[in-house]
A.B. asks: 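Structure provided below as structure tokens; questions to follow.
The chains referred to below are lettered A, B, ... by the order of the sequence lines, with proteins before strands, and numbering in each begins at 1.
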Amino acid sequence: MAAGCTTVFPVRDYDLAATLDSGQSFRWQAEADAWVGAIHGRWVRLRPVPDGIHAETARPQTDWRWLADYLQVEVDLAAVLARFPEDPQLREAVNACHGLRLLRQEPWECLASFILSSTKQIVQIRQIIAMLTARHGEPLPGPTGQPTLHSFPDAARIAALSEPELRACKMGFRAPYLHATAQAVAGGKVNLAALPGLPLAAARAELMQLPGVGRKIADCVLLFSCGFAEAFPVDVWIARALQELYFPRRRANARRLERFVATHFGPQAGYAQQYLFHYMRTRT
DNA sequence: CTCCAGGCGCCTT
DNA sequence: AAGGCGCATGGA
């Protein structure tokens, strides 16, 4: 294959803006008609085009599989939606968010990002992560005239930082959680790369050993970076959505909500969750 | 000013 | 088992 800095992924039903800006990933920056980001140690610009997604890198690529995998362009969205349960609430969310997809992110960046997400608004999560990468990531080669992007600092790098250095990135009480989890991952106590090969419950239990990682953050990592499409993170937005859409008359406690999501949404529950989440956040 | 944000860990009942 | 509270920080 010839090396080049651009390619087009032919794909239908892909809303790039909704997907990159729906709270599953925190580093994509909007330009006039494109998105710029740093993934897999590379500067990338993505642009929606009529027949798919146009991609541009700073350095020539001979193999674009890393990006095709990240974007999940091979996923047949219609087949995913076909396995959703038939209920009017979910149908409404799907109709409102046509082309919304799930990404497949790098596990460490995903885990660290969601440790930093607790009781923060998405805007602030983005600010914390921007500061962390600018200060402690490696500068990436990019086009001249563009602001320099940085790689996400790996677990060993964050483990080697002091807690005050982390707190200086405005992450507050999350600093000791991120630090201790970075040490556990860098030290091999949890092997993130092995999680996709485990049964869902075992992979979840592995993640929940880590400090600062409970059920919700574990499910985010399982869904957004490990390929477990049935993982269903329940945050305040989703809890509110389930309460309002499915239990409008009586108050449902956490236990009841957990049983409902485990039985109602099926094998593509994680996709359903993303539609409900985006629908709740964007409806007027 | 108060309230709350893609929670978690620990402490009470 | 289930619920309450503190934790930093900043925006509404």
A.B. asks: Assuming nearest nucleotide by heavy-atom distance, tell me which of A:L210 and A:C220 is located more 5' along DNA chain B.
C.D. replies: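 By nearest-heavy-atom nucleotide position, the 5'-most residue is A:C220.
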A.B. asks: For A:F173 and B:dC10, give me the distance from atom CZ to atom P, rounded to whole Å.
C.D. replies: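 From A:F173 CZ to B:dC10 P: 14 Å.
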A.B. asks: Can you tell me if A:E92 and A:Y279 form a side-chain donor-acceptor pair at under 3.5 Å?
C.D. replies: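 Yes.
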A.B. asks: Report which part of the nucleic acid A:V123 touches: base, sugar-phosphate, or nothing (heavy-atom distance under 4.0 Å, all strands).
C.D. replies: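 Counting heavy atoms under 4.0 Å across all strands, no contact is made by A:V123.
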A.B. asks: Have a look at A:P211 and say if it touches a base, only the backbone sugar-phosphate, or nothing, with a 4.0 Å heavy-atom cut-off.
C.D. replies: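 The answer is sugar-phosphate, as A:P211 gets under 4.0 Å only of primed atoms, P, OP1 or OP2.
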A.B. asks: Is the shortest side-chain N to carboxylate O distance from A:D219 to A:R215 below 4.0 Å?
C.D. replies: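 Result for this pair is yes, salt bridge flagged.
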A.B. asks: Which base sits across from B:dA5 as a Watson-Crick or G-U pair, both distances under 3.5 Å?
C.D. replies: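 Result: C:dT9.
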A.B. asks: In whole Å, I'd like the distance from the CZ atom of A:R256 to the C1' atom of C:dA1.
C.D. replies: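 So the CZ-C1' distance, A:R256 to C:dA1, works out to 17 Å.
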A.B. asks: Quick check on DNA chain C: between A:Q124 and A:R255, whose nearest nucleotide comes earlier from the 5' end?
C.D. replies: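 In this pair, the answer is A:R255.
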A.B. asks: Choosing from C:dT9, B:dG6, B:dC8, which nucleotide comes nearest the side chain of A:D235?
C.D. replies: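 My answer, after comparing the listed nucleotides, is B:dG6.
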A.B. asks: For the pair A:Y177 and A:F173, name the ring-plane relationship: parallel under 30°, tilted 30 to 60°, perpendicular over 60°.
C.D. replies: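 Perpendicular: the ring planes of A:Y177 and A:F173 meet at over 60°.
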A.B. asks: Taking the six-membered ring for Trp, is the centroid-to-centroid distance between A:F9 and A:H54 below 6.0 Å?
C.D. replies: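 Judged by ring-centre distance (under 6.0 Å), A:F9 and A:H54 do not meet the cut-off.
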A.B. asks: Looking at the side chain of A:W237, which of B:dA5, B:dC8, B:dG6 is the nearest nucleotide?
C.D. replies: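 Nearest listed nucleotide: B:dG6.
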A.B. asks: Does the side chain of A:R167 get closer than 4.0 angstrom to OP1 or OP2 of C:dA8 through an N or O atom?
C.D. replies: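 A:R167 to C:dA8 OP1/OP2: side-chain N or O found under 4.0 Å.
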A.B. asks: Side chains of A:S22 and A:Q274: do they bring a donor and an acceptor to under 3.5 Å?
C.D. replies: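 Yes, a side-chain donor-acceptor pair sits under 3.5 Å.
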A.B. asks: Categorize A:T119 for me: base, sugar-phosphate, or nothing, with a 4.0 angstrom heavy-atom threshold over every strand shown.
C.D. replies: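 Base, at least one base atom sits under 4.0 Å.
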A.B. asks: Quick one: label A:R126 by what it contacts on the DNA or RNA (base, sugar-phosphate, nothing), any heavy atom closer than 4.0 Å.
C.D. replies: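 A:R126: no heavy atom of the nucleic acid under 4.0 Å.
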A.B. asks: Quantified in whole Å, what is the P atom distance between nucleotide B:dC11 and nucleotide C:dA8?
C.D. replies: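 Per the computed distance, 16 Å lies between those P atoms.
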A.B. asks: Do A:Q273 and B:dG6 share a donor-acceptor pair, side chain to base, under 3.5 Å?
C.D. replies: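 By the distance-only test, yes, there is a pair.
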A.B. asks: Can you work out whether A:G212 or A:G23 has the more 5'-proximal nearest nucleotide on DNA chain B?
C.D. replies: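 By nearest-heavy-atom nucleotide position, the 5'-most residue is A:G23.
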A.B. asks: Taking the six-membered ring for Trp, are A:F265 and A:Y271 closer than 6.0 Å centroid to centroid?
C.D. replies: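 No - the distance between ring centres of A:F265 and A:Y271 does not fall below the 6.0 Å cut-off.
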A.B. asks: Under 4.0 Å, heavy atoms only, any strand: does A:T181 hit a base, just the sugar-phosphate, or nothing?
C.D. replies: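 No contact.
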A.B. asks: When the distance from CZ of A:R174 to C1' of B:dG6 is rounded to whole Å, what number comes out?
C.D. replies: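 Those two atoms, CZ and C1', are 12 Å apart.
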A.B. asks: Determine the interatomic distance between P on B:dG6 and the same-named atom on C:dA2; round to the nearest Å.
C.D. replies: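 Approximately 27 Å lies between the P atom of B:dG6 and that of C:dA2.
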A.B. asks: Is any side-chain nitrogen or oxygen of A:R251 closer than 4.0 Å to OP1 or OP2 of C:dG3?
C.D. replies: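 Checking A:R251 against C:dG3: no side-chain N or O falls below 4.0 Å of OP1 or OP2.
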A.B. asks: Write down the distance between NE2 (A:H179) and C1' (C:dA8), rounded to a whole number of angstrom.
C.D. replies: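 Atom NE2 in A:H179 sits about 18 Å away from atom C1' in C:dA8.
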A.B. asks: State plainly whether the residues A:E244 and A:R240 are in salt-bridge range, i.e. N to O under 4.0 Å.
C.D. replies: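 So A:E244 does not pair with A:R240 through a salt bridge.
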A.B. asks: Nearest-Å distance, CD1 (A:I129) to P (B:dG6)?
C.D. replies: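 Distance check: A:I129 CD1 to B:dG6 P gives 13 Å.
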A.B. asks: For the side chain of A:K120, counting heavy atoms from C-beta on, which of B:dG7, C:dA8, B:dG6 is nearest?
C.D. replies: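 That would be C:dA8.
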A.B. asks: Just checking A:K216: base, sugar-phosphate only, or nothing, at a heavy-atom cut-off of under 4.0 Å?
C.D. replies: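 It contacts base atoms.
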A.B. asks: Using a heavy-atom cut-off of 4.0 Å across all strands, would you classify A:I238 as base, sugar-phosphate, or nothing?
C.D. replies: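 Base, at least one base heavy atom under 4.0 Å.
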A.B. asks: Take atom CD1 of A:I125 and atom C1' of B:dA5, then tell me their distance rounded to the nearest Å.
C.D. replies: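 Rounded to the whole Å, the gap is 8 Å.
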A.B. asks: What is the distance from CG of A:D219 to C1' of B:dC8, rounded to the nearest Å?
C.D. replies: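 After rounding, the reported distance stands at 14 Å.
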A.B. asks: Starting at CD of A:E163 and ending at C1' of C:dC7, how long is that distance when rounded to a whole Å?
C.D. replies: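 About 12 Å, once rounded to whole Å.
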